[in-house]
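These notes are about the structure you will find just below.
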Amino acid sequence: MKLLLEELAAGNERVDYYMWDLYARVSQWYTADEAEKEARKALRLDTLHAIEHGGNETAEVADLIATAVLRRHLETMERLSIEYDFLPRESEILHLKFWDAARALMIEKGVLYQETEGKNKGCWVMRRAGSEVPTEGPDEDAKVIVRSNGTVTYVGKDIAYHLWKFGLLGKDFGYKPFHQYPNHMCWISTEHGEEQHPYFGRADAIYNVIDSRQNDPQNNVIQALRGMGYEDAADRYTHLNYEMVALTPRCAIELGYTVSEEDQQRAYIEVSGRKGFGVKADDLLDKLIAAAKVEVDSRHPELDEADRFETARKIAVGALRYFMLKYSRNTVIAFDFRDALSFEGETGPYVQYAIVRAANIFRKAGVAEQDAVSDLAAGDLLEGESGVSIWEVWLTASKLTMVIEQAIQNAEPAILAKYVFQLAQQFNNFYHKHHILTESDPAKKKLLLATAAVAKREMVRALSLLGIEAPEVM
RNA sequence: GCACCCGUAGCUCAGCUGGAUAGAGCGGCAGCCUCCGAAGCUGUAGGUCAGAAGUUCGAAUCUUCUCGGGUGCACCA
């Protein structure tokens, strides 16, 4: 395995892409041969147990692969300005006996009990949220936490993990540095870590950003917290769920996948790692950067290559982040290249462009934006048709703080995304109707400059909350 | 079978803690660069808000039911 990783590195091949393909092939291999099916499933289970148990060659190989892929993931996410502080690993949750501590707590609080009859006989189970407990006989609806063979299920490990997150477990990870960002260190869990390290866990609130298919398992964890009397913690636990991203049949065909007749009739097809069916973030970002670069190259030949690339990168990231955030959380995103690769209309670059336009005005006017908003007297300048485009900018710009609060309350970034697009639209309309630099009336010019300054300030503020920055030029 | 989500213009989506002629982008059609950058702006066509009943002065929005689509309900993770 070490040799393979070295070969991939030497050949400039990507580990994550290699493993993506291999994972799909292996997943299909399990069920490919009817006669071998059971044996292969058993091999899969044995391998998983070996990895969980640790201290063997299989676990070492798994660690090598997982770490190599993880490093690639961090690089991908860093391209989108997403950084991590700490990477807790399931292997430490197991090896540091987090589950044993959680199990003891759960039994002590009466949440976990051993079933003595029925289909779950011999298992340790937990009552499911919202289910009726039968007055007699076993609660067949209960969730199995510990299997009859003594191994713990995923939900059990997740409960232990979340008790740690809230500082309720009485145990902690070991920590070691993993990846150095320009401004801070990303730590990773380990069994025996360094003495000096920052503290994680003991969270005031938890937001788990996981798609809606995990609604039930997430509720199990919250139910466990409530059952243990940690009502306060349960209230501060938010499953920030969102609907999945799927591919349109057209998009799937464009990517070269074979799509069945039946699937072609559907509105969208669920992505699947096991089938190797999906779009890779790096590929999409590469496409976006390439498309933006072509435009920037032709518009700004005066810039050097590094600046042009950086500009294209900001535009590409703005397009991608906005695309992911403009849909409300309960909408299934039917991914389509035509929409995702667009820089026009309701997109991040549309807003970035409005900001660049505003910046150009101040650069050419020789006025500092922050000085533009003072001693204003609108007088009768807001009257009539042309006045509308001025005061609607002020009205919308003044609402940002309120919109932010609304977006937080609903845990819905799309509210902010829709808002900033509307503000950019109104600014562009205003920009078209009023020619600021050539305005001869000093009072009016002052008002127009102030309007541009306020619009720009609020657009920049809203975009930065969405993790999008506007380039200097575009 | 049970639970949750969705169904609004040709397409993709907002609007849903009730309020006036239901909005945006894309696509279609017709225009706008001698004027701060056209990745922009303007106009136009396009909708029985899936259907039905109910609550209300008033329903895309709330309630119930029906139809259609999706996702969960593992001794997988």
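What you are looking at is a predicted structure, and each value in this text was computed from that prediction instead of being measured. Reminder, nothing fancy here: chain letters follow the sequence lines and each chain counts from 1.
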- Message: Can you work out whether A:Thr151 or A:Ala334 has the more 5'-proximal nearest nucleotide on RNA chain B?
- Response: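 Taking each residue's closest nucleotide, the earlier one in sequence belongs to A:Ala334.
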How close or far is atom [atom2] of [N] from atom [atom1] of [X], stated in whole angstroms?
X	N	atom1	atom2	result
A:Tyr154	B:A74	OH	C1'	14 Å
A:Ile210	B:G72	CD1	P	15 Å
A:Leu288	B:A39	CG	P	18 Å
A:Glu412	B:G15	CD	P	8 Å
A:Glu344	B:G25	CD	C1'	11 Å

Write down the partner of [N] under the Watson-Crick or G-U wobble criteria, each distance required to be under 3.5 Å.
N	value
B:U48	none
B:C73	B:G1
B:C67	B:G7
B:G43	B:C29
B:A24	B:U12
B:A38	none
B:C62	B:G54

- Apply salt bridge (Lys or Arg N to Asp or Glu O under 4.0 Å) to the pair A:Arg299 and A:Glu295, showing each step before the final yes or no. CA-CA 6 Å; A:Arg299 290 167 193 237; A:Glu295 285 295 318; 2.9 Å; yes
- Message: I'd like to know if A:Ser148 reaches the base of B:C75 with its side chain, counting only an N/O donor and acceptor under 3.5 Å.
- Response: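 Flag set: donor-acceptor pair detected.
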- Item | Heavy-atom donor-acceptor pair, A:Asn428 side-chain to B:G40 base, under 3.5 Å |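 Checked by distance alone, the answer is no.
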- Message: Taking the P atom in each of B:G68 and B:U56, what is the distance between them to the nearest angstrom?
- Response: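 About 32 Å, rounded to a whole number of Å.
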- Could you give the distance separating B:C41 and B:U48 at their P atoms, to the nearest angstrom?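 Looking at atom P only, B:U48 and B:C41 are 29 Å apart.
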- Item | Audit row: A:Thr248, A:Arg338, side-chain hydrogen bond (donor to acceptor under 3.5 Å, both in side chains) steps and yes/no | CA-CA 11 Å; A:Thr248 61; A:Arg338 187 190 60 189; over 6 Å; no
- Message: Students often mix this up, so state it plainly: with edges at 30° and 60°, are the rings of A:Phe430 and A:His434 parallel, tilted or perpendicular?
- Response: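 Aromatic pair A:Phe430/A:His434 classed tilted.
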- Item | OP1 or OP2 of B:C26 under 4.0 Å from side-chain N/O of A:Ser342 |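 The answer is no; no side-chain N or O of A:Ser342 sits under 4.0 Å from OP1 or OP2.
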- Message: Would you say A:Asn215 places a side-chain N or O within less than 4.0 Å of OP1 or OP2 belonging to B:U71?
- Response: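 The answer is no; no side-chain N or O of A:Asn215 sits under 4.0 Å from OP1 or OP2.
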- Message: Tell me if the centroids of the rings in A:Phe98 and A:Tyr161 come within less than 6.0 Å of each other.
- Response: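 Judged by ring-centre distance (under 6.0 Å), A:Phe98 and A:Tyr161 do not meet the cut-off.
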